[in-house]
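Structure first, then comments.
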Amino acid sequence: MTNKHVKAGTKAVWAGEKDYLVHGATQVPVVLSVAYGYEDMDEWYDVAIGKRKGHIYGRNTNPTVQAFEDKIKTLEGAEAATSFSTGMAAISNTLSTFLVPGDRIVSIKDTYGGTNKIFTEFLPRQQVEVVLCETGNHEQIETEVAKGCKILYLETPTNPTVKITDIKRMAKAGQDAGALVIVDNTFATPMNQNPLSLGADLVIHSATKFLGGHADALGGVVCGSKELVEKIYHFREINGATMDPMAAYLILRGMKTLHLRVRQQCENAITLAKYLQTKEIVEGVYYPGLETHPNHDIAKKQMKNFGGMLSFSVKGGVDTVRDLLPKLQFANRAANLGAVETTVGPARTTSHVECTPEERAAMGIPEGLIRISCGIEDIEDIIRDFEQAFKHAESALQV
């Protein structure tokens, strides 16, 4: 699908599927075969070495999985994409592909908890120097990148405090220093933000989240140039973090409604964020679509819309969280995001459960912070639900 006039919503439905349809089917089949047979030994060899298109073994490639990769690379405007069993597999395999002992990586403090653990625990163990800058302090990031680094790794908006980094500005800093610029685009989705068009070299998604959208399939993906993606694919095919074909099918199916879901989630998020600002028990609301957000202007410049994720902090900390969340009727209290249902939870049990309270505090994440992944419900019902839950929490706080 090369027509530049085709819009993202149409691409989400049609891209990447035509080559994999069989026997007149209108949907990509789930190919569960582990191995692929060949009568002609020369043809088999050509496929095995990549000279001809085809498949030889499920750990390497699969038709259903490849359809998913083709769809997401089209949405991100990339030359190539390769998939993984989970979002964390995508992140860890990508970093492991390019980093060796003695290398230096620059990132921000506000990355997802699992990513932060790679930076603070695993990479230092492999003699990789990690520098974590204050999120939003572009001058500090530029200074550290200019000192030399192999990778500049960004996440924007961040999980769970939805902070924003100027991708175009940081990509230039990375390019000037000869660094590989990688952006986790999970929160924004390709509907709202395309880091490659802003100068990034690679874009990563946890496909488990908004891409799949139904909380029923794990997956991850990396998009970028053919040269870079082939290197990542080679690392993944040997180390084995392969996407399951059934998961690929479920995510493919979910992606057909991506533009509709994300549109509704964005509308719900801004409406809910404005409502939360009116509550006395709420200490702070964090959503880049609000004019009060410190990086609202940057978000407006690089995002088409502001996403379905927001967070807020409450008076009374963890005790208020304990009183508030169980009273919600239309929200899953779970460690997931991007699904059609509204999902809520504190960072201490979701995004940063791997971290200690001290580590969360160092990242600016209060124990009374609640992350909200807006679903596609009627927002009036969600606000009424929060209103009755707040009344209970406010009553408990006054006791």
Side-chain angles (χ1 to χ4, degrees), residues 1 8-23 25-34 55 58-76 78 81-91 93 112 114 184-192 203-223 233 236-237 240-265 308-309 332 334-343 350 373-377:
M1 188 172 289
T10 305
K11 290 177 182 178
V13 175
W14 291 98
E17 300 198 12
K18 184 177 180 181
D19 291 344
Y20 306 96
L21 303 177
V22 295
H23 302 302
T26 61
Q27 305 302 314
V28 174
V30 184
V31 180
L32 296 175
S33 181
V34 169
H55 308 276
R59 174 166 51 78
N60 306 91
T61 60
N62 170 279
T64 313
V65 173
Q66 194 166 338
F68 160 69
E69 293 170 347
D70 287 353
K71 187 181 288 289
I72 186 60
K73 80 175 185 183
T74 301
L75 287 174
E76 284 290 9
T82 191
S83 58
F84 302 84
S85 53
T86 67
M88 282 309 302
I91 294 169
N93 277 246
Y112 168 65
D184 184 334
N185 201 35
T186 299
F187 265 29
T189 82
M191 296 294 107
N192 291 326
V203 58
I204 291 178
H205 288 274
S206 172
T208 310
K209 310 305 192 296
F210 286 99
L211 296 185
H214 292 79
D216 57 5
L218 291 169
V221 67
V222 178
C223 306
Y233 161 75
R236 193 270 294 161
E237 71 166 333
T242 307
M243 176 178 277
D244 180 80
M246 189 66 199
Y249 167 78
L250 291 170
I251 296 168
L252 267 172
R253 184 171 66 171
M255 287 178 70
K256 292 194 175 187
T257 59
L258 181 63
H259 65 303
L260 298 176
R261 289 187 283 106
V262 169
R263 183 193 306 165
Q264 186 64 44
Q265 288 164 320
M309 299 298 303
N332 285 325
N336 190 37
L337 62 93
V340 292
E341 307 92 359
T342 292
T343 306
T350 58
S373 172
C374 289
I376 63 171
E377 306 94 343

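Residue indices begin at 1 and follow the sequence shown. Keep in mind the model is a prediction, meaning the values are calculated, not measured.
Closest of all the heavy-atom pairs between V262 and F210 is CG2-CD2, 4.5 Å. V221 and A90 get closest at one heavy-atom pair: N-CB, 3.8 Å. For the residue pair P190 and L258, the shortest heavy atom distance occurs at CG-CD2, 4.2 Å. Nearest heavy-atom pair, F68 versus A207, reported as atom, atom and distance to 0.1 Å: CZ-CB, 3.9 Å. Annotation for K71 and L252: closest pair CE-CD2, 3.4 Å, computed over non-hydrogen atoms. Closest heavy-atom contact between A12 and L75: N-CD2, 3.8 Å.
Atom CD of Q264 is separated from atom SG of C374 by 10.0 Å, given to the nearest 0.5 angstrom. Distance check, rounded to the nearest 0.5 Å: NZ of K18 to OG1 of T26 gives 14.5 Å. We find the OG1-CD1 distance between T186 and I204 to be 8.0 Å, quoted to the nearest 0.5 Å. To the nearest 0.5 Å, atom CD1 of residue I72 and atom OG of residue S83 are 11.0 Å apart. How far CZ of R261 is from NZ of K256: 13.0 Å, rounded to the nearest 0.5 Å. Atom CD of residue Q27 and atom CD of residue E17 lie 6.5 Å apart, to the nearest 0.5 angstrom.
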T343/N332 under side-chain contact (heavy atoms from CB on, under 4.5 Å): CA gap, chis, key distance, verdict: CA-CA 5 Å; T343 306; N332 285 325; 4.2 Å; yes

I251/M243 under side-chain contact (heavy atoms from CB on, under 4.5 Å): CA gap, chis, key distance, verdict: CA-CA 11 Å; I251 296 168; M243 176 178 277; 3.9 Å; yes

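The backbone N or O of G338 sits less than 3.5 Å from a side-chain atom of S373, completing a donor-acceptor pair. With Q66 contributing its side chain and G16 its backbone, the two residues share no donor-acceptor pair below 3.5 Å. Within the 3.5 Å criterion, the main-chain N or O of G58 finds no donor-acceptor partner in the side chain of N62. Between the side chain of T64 and the backbone N or O of V31 there is at least one donor-acceptor pair closer than 3.5 Å. T257 contributes no side-chain N or O that, together with a main-chain N or O of L260, makes up a donor-acceptor pair within less than 3.5 Å. Side-chain atoms of K73 never come within 3.5 Å of backbone atoms of T82 as a donor-acceptor pair (strictly under, hydrogens ignored).
Qualifying side chain to side chain donor-acceptor pair (under 3.5 Å) partners for T350, counting only residues two or more places apart in sequence or in other chains: none.
Using modelled atom types and a 3.5 Å distance limit, the side chains of E377 and T342 yield a donor-acceptor pair.
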